[in-house]
Amino acid sequence: MIEQNHILVLNGPNLSRLGKREPGVYGSRTLMDINSSLAAVFPKIGFQFVQSEYEGKLIEALFQAEDQPEMKGTVLNAGALTHYSIALRDAIKAISKPVVEVHLSNIYAREEFRRKSVISEVCLGVISGFGEEGYHFAVEALLSNLSE
Ligand code: DQA
């Protein structure tokens with residue numbers, strides 16, 4: 001049997017409101033649109049899509065992915081938790097599977113408080129400012145990392 005790669009796509013607080021939330025900053029596509037486009041563009045990947053407003057749920061999802069052998073890595077948009085969640089940073093550090101940090105907006109071109117990410121150092125890399133396409137780039141990055 002050919003082994004299928006599985007990837008967790010994890011979205012944090014307020015990303016459930018995409019489409020309605022500040023469309024000038026985050027675009028008009030909903031999270032469901034973004035997730036569907038990932039599934040369409042990468043038909044061979046088994047995606048698990050999780051969104052939560054709660055820090056602990058995101059941490060639990062990371063640990064579950066870590067414990068599932070078929071799960072190869074995570075694409076994470078942690079929302080505002082990016083800027084202050086040491087708990088999320090510690091969770092990423094506690095697992096061995098790669099996490100790619102994604103932001104729809106360019107966090108370095110916005111308010112000062114968004115320019116600092118406490119998770120970047122423990123992620124494989126960061127993709128910021130490319131909107132929905134950033135999620136696709138993040139999957140490509142994970143796949144390329146897997147094949148190394
Ligand atoms: C975001 C950027 C964060 O600063 C913000 O709190 C979000 C979304 C982005 O995708 O651009 O909720 O992660």
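All ligand and atom numbering here is 1-based and tracks the order in the structure. Keep in mind that this is a model prediction, so the values were computed, not measured. Side chains are part of it too, since the values below use all heavy atoms of this structure and drop only hydrogens, waters and symmetry mates.
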*asked:* To check you understand the geometry: which heavy-atom pair defines the closest contact between Gly73 and Leu142, and what is its length?
replied: C-CD1, 3.9 Å
*Can you tell me if His103 and Ser117 form a side-chain donor-acceptor pair at under 3.5 Å?*
no
*Side-chain contact, heavy-atom cut-off 4.5 Å: Thr74 with Lys97?*
no
_For Leu104, the ligand 1 atoms whose distance to one of its heavy atoms is below 4.0 Å_ = 9 (C), 10 (O), 11 (O)
*Ala78, Gly79, Pro13: member with heavy atom nearest to atom 7 (C) of ligand 1*: Gly79
*Give yes or no for whether the N/O distance cutoff of 3.5 Å, strictly under, is met between Val102 and ligand 1.*
no
*Specify side chain, backbone, both or neither for Arg21, according to which of its non-hydrogen atoms lie closer than 4.0 Å to ligand 1.*
side chain
*Name the orientation class of the two ring planes belonging to His83 and Phe113 (parallel below 30°, tilted from 30 to 60°, perpendicular beyond 60°).*
perpendicular
*Flag Leu15 as yes when one of its N or O atoms lies below 3.5 Å from any N or O atom of ligand 1, and as no otherwise.*
no
*So is there a nitrogen or oxygen of Asn77 less than 3.5 Å from a nitrogen or oxygen in ligand 1?*
yes
_Atoms in ligand 1 with a heavy atom of His83 nearer than 4.0 Å_ = 3 (C), 4 (O)
*Is a salt bridge present between Glu121 and Arg89, judged by a nitrogen-to-oxygen distance below 4.0 Å?*
yes
*asked:* Students should be able to answer this: which protein heavy-atom is nearest to atom 1 (C) of ligand 1, and at what distance?
replied: His103 ND1, 3.7 Å
_Atom indices of ligand 1, in the order listed, that fall short of 4.0 Å to a heavy atom of Ser105_ = 2 (C), 9 (C), 11 (O)
_If you take the nearest heavy atom of each of Arg115, Arg114, Arg110, which one is closest to atom 6 (O) of ligand 1?_
Arg114
*Answer yes or no: is there a side-chain heavy-atom contact under 4.5 Å between Glu55 and Ile59?*
yes
*Can you tell if the side chain of Arg29 reaches within under 4.5 Å of the side chain of Leu18, non-hydrogen atoms only?*
no
